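The figures here come from the full heavy-atom set of this structure, side chains too, leaving out hydrogens, waters and symmetry mates. Bear in mind the structure is a predicted one, so any value in this text is a computation, not a measurement.
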Amino acid sequence: MAKEVADDTIELVAHAIYEAQQQACAWDAEPAKSKERFREYARNAIKLLNEDISVLLLALKQATAEQHNGGPKSAA
């Protein structure tokens, strides 16, 4: 890769790829070897997407924030 990607970015993408699986369990419960496999998938995805990754990362960060805040705000 021309420039190094931050570990937290790789972790965010790896977690998203992992969560996309239908049978995904809790990320925190996954063995380190399995997490590293998804981190490698993330590195490859980031490399392939290159500049387009910023749009994906923004969407992932927003989705993560919504998940931590109890989901998207709904109109009442």
- What's the shortest heavy-atom distance between A42 and A14, and which atoms? CB-N, 3.5 Å

- Note on the structure: Residues E30 and K35: closest non-hydrogen pair is O-CE, 3.6 Å

- Message: Under the rule for side chain to side chain contact (heavy atoms under 4.5 Å, CB included), what residues qualify as partners of Q62, not counting sequence neighbours?
- Response: L58

- Please list, chain by chain and in numerical order, all residues satisfying side chain to side chain contact (heavy atoms under 4.5 Å, CB included) with A16, sequence neighbours excluded. L60

- Task: Verify, without hydrogens or angle tests, whether Y18 (side chain) and V13 (backbone) share a donor-acceptor contact under 3.5 angstrom.
- Result: no

- Message: To the closest 0.5 Å, what do you measure between CG (L12) and NZ (K61)?
- Response: 7.0 Å

- Note on the structure: salt bridge (Lys or Arg N to Asp or Glu O under 4.0 Å) filter on E11, not counting sequence neighbours, yields R39

- Query: Is there a side-chain contact between E40 and R37 (heavy atoms, below 4.5 Å)?
  - Reply: no

- Task: Classify the angle between the aromatic ring planes of F38 and W27 as parallel (below 30°), tilted (30 to 60°) or perpendicular (above 60°).
- Result: perpendicular

